[in-house]
Amino acid sequence: MSAMLDELSSTLLSTLRDVLPIAAILFVFQFLVLRRRVQHAGRVLLGFVYVVLGLGFFLAGLEKALFPLGRLMAEQLTDPAFLTGMTDATAETLRWHDYYWVYLFALAIGFATAIAEPALIAVAMKASQVSGGVVTAWGLRVAVGLGAGIGIAVGALRIVTGIPLGYVVMAAYALVILQTFRAPRSIIPLAYDSGGVTTSTVTVPIVAALGLGLATTIPGRDPLIDGFGMIATTCLFPIITVMTYAQIGQWQARRRAAREQAERR
Amino acid sequence: MVRVLWSITAPFAGSLRDLFPIVVVVGFFQALVVRQPIPEVGAILVGGLMIIVGLTLFIRGLDMGLFPLGEAMAYAFACKGSASWLFAFAFALGFGTTIAEPALVAVAGEAAATMARGGLIDNTEDAVAVYALTLRYVVALAVGSAVLLGVLRILKGWPLHHIVISGYVIVILITPLAPDTIVGIAYDAGGVTTSTITVPLITALGVGLASSIEGRNPILDGFGIIAFASVMPIIFVLAFGILV
């Protein structure tokens, strides 16, 4: 029990340390440059306390519940003995499609962790508020979650097959650019932003564990060099899925309009 | 009575819903694929409870603290009419939150160790530490200039995709010039820079600015700063790899 309290207080302390530079910058500009009184200052301050406490609890809980389990599962799933169902198997005999459980796990865990990512929740809240509910918070988060899942799965596939990261990133960029000219204009800034918010507190440790497990198992991969790059693909694919989500919405609206017009005739 | 109870439990129910997919995925793989007993079930339950409480508090704090403050400051800067202070604030926010970002510290340390083992820098503790710190400064500079550029874009009303796509083109063009070892690090640097507290603040700042400047649309112009903050570090780190 006391060990748990120790852990909680150390997480809270490190969260506080992370917030300190931000608080300092806000303080300096608020009081030396803007010199305006903050409305409801007490409430805002309490909000900051909630954010720090909440993030501290959240991280301590993740460290306690999710990360050990996630690391264990990533380790077990990338173990060649598990992948072949035999105990004497070695990684050399495996082909890229033998890792299907890894891809499936990557897809599912990427989706699930992105949904729970606090930074994404924040952006989705703001987006639905600003768009007057046209972009629903939940729809955006599901679209980003799908993208993160695909991104992690592609990252895993890349480590297994050894395709250079540059090719994957360039292909994804090409798709993003192509979609930018087709997707509804109002979604584009949000789509670009959702790439960056996907990878933070929940997703990165799990992705890192998976990348490290894969790069250690597969012969000829360097855990340090090939472990990198997984975060990059996880950031890119949500841009694509969010634009696709908007394109599907636009397409449905057009079809509905066309049908209504046909009925009126 | 029922309403009071609901107002207390509803946020928790929301957090529970947010975490539900993780429970399903972990449960599924644990029960059907990995089929190993779960170690320390008690600790996991307590941890799960802490996650729910934490997420609920965090979201409440966003609504009460981070969002209103970010927007109030954006309004105040817009009223003050001094662009240079706004730029200074934007740069400080980007730089200051990134230089101390724990994920970046971890990635920079690993990157420096990789470089040392590859013989690209001296394999001494000092050289590795200097390299890691330099890398952190490069990324922090990149994020600082990205937030500044993002704010400038909102003021000027430039279309976002022109800038982001130009950024992609620069990345594609300079990737072949950069040493192989830095490419993965550079691409990942874009993802680790935007932390959980910075994102809501920057989003509120952008949306607040776009709503207080006439002729700007919050949904079209308010978002996009984070997008810059994830492309700029790639360019800066690649350029750093080419120059050093």
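Chain letters run A, B, ... following the sequence lines, proteins first, then strands; residues in each count from 1. All values below were derived from every heavy atom in this structure, side-chain atoms included, with hydrogens, water molecules and symmetry-related copies excluded.
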Side chain, backbone, both or neither: which part of [X] has an atom under 4.5 Å from a heavy atom of chain A?
X	answer
B:V23	neither
B:V26	both
B:L45	neither
B:V46	side chain
B:A88	both
B:A229	neither
B:A43	both
B:I225	backbone

Looking at [options], which makes the most heavy-atom pairs under 4.5 Å with chain B?
options	answer
A:V130, A:V28, A:I115, A:V33	A:V33
A:F48, A:F58, A:Y173, A:W138	A:Y173
A:A127, A:C235, A:G195	A:A127
A:L55, A:I177, A:D193	A:D193
A:Q129, A:K126, A:K64, A:E117	A:K126

**Aromatic centroids of A:F27 and A:F31 separated by under 6.0 Å** =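 Yes, ring centres under 6.0 Å apart.
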**Prompt:** Can you check whether A:Y50 and B:F58 have ring centres sitting under 6.0 Å from each other?
**Reply:**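 No, the ring of A:Y50 stays outside the 6.0 Å limit from the ring of B:F58, centre to centre.
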Sub-4.5 Å side-chain heavy-atom contact between [X] and [Y]:
X	Y	answer
B:V151	B:L205	yes
B:F12	B:I52	yes
B:P179	B:I182	yes
B:V147	B:F228	no
A:M125	B:D63	yes
B:S211	B:Y75	yes

**Message:** In terms of relative ring orientation, are A:W101 and B:F28 parallel, tilted or perpendicular, with 30° and 60° separating the classes?
**Reply:**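 Tilted: the ring planes of A:W101 and B:F28 meet at 30° to 60°.
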**Request:** With side chain to side chain contact (heavy atoms under 4.5 Å, CB included) as the test, would you mind laying out the steps for A:L77 and A:L210 before giving the verdict?
**Result:** CA-CA 9 Å; A:L77 282 170; A:L210 198 62; 5.7 Å; no
**Asked** Which heavy atom in A:S194 sits nearest to a heavy atom in A:V242, and how many Å separate them?
**Response**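 Looking at all heavy atoms of both residues, the shortest contact is OG-CG2, 3.5 Å.
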**Shortest non-hydrogen contact from A:P164 toward A:R158** =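 Here A:P164 and A:R158 meet closest at C-NH1, 4.2 Å.
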**Message:** Pairing donors with acceptors under 3.5 angstrom, does anything connect the side chains of A:T180 and A:Y192?
**Reply:**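 Checked: A:T180/A:Y192 side chains pair up, N/O donor to acceptor below 3.5 Å.
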**Message:** Testing the 3.5 Å rule here: is there a donor-acceptor pair between the side chains of A:T233 and B:Y187?
**Reply:**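 The criterion, which ignores hydrogens and geometry beyond distance, is not satisfied for B:Y187 and A:T233.
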Return the option, out of [options], with the maximum number of heavy-atom pairs under 4.5 Å with chain A.
options	value
B:V183, B:T198, B:V171, B:L49	B:V171
B:S230, B:A92, B:G206	B:A92
B:I165, B:T97, B:L62	B:I165
B:V25, B:V207, B:T175	B:V25
B:I202, B:L220, B:T203	B:L220
B:D221, B:V53, B:L66	B:L66

Relative to chain B, which segment of [X] carries a heavy atom at a distance below 4.5 Å: side chain, backbone, both, or neither?
X	answer
A:L104	both
A:I239	side chain
A:R185	both
A:V176	side chain
A:A41	neither
A:V169	side chain
A:L26	both
A:P21	side chain
A:L62	both
A:I121	side chain

**Exceeds 12 heavy-atom contacts within 6.0 angstrom, atom CZ of A:R182** =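 Not buried by this count: 12 neighbours or fewer within 6.0 Å.
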**Message:** Which residue is it: A:V207, A:T203, A:T234, A:V204? I am looking for the one with a side-chain contact (heavy atoms from CB on, under 4.5 Å) to A:T113.
**Reply:**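 When A:V207, A:T203, A:T234, A:V204 are each tested with A:T113, the side-chain contact (heavy atoms from CB on, under 4.5 Å) holds only for A:T203.
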**Item:** Sole candidate of B:F89, B:F95, B:F87 that passes ring pair (Phe, Tyr, Trp, His ring centres under 6.0 Å) when paired with B:F91
**Value:**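 It is B:F95; the other options fail the test.
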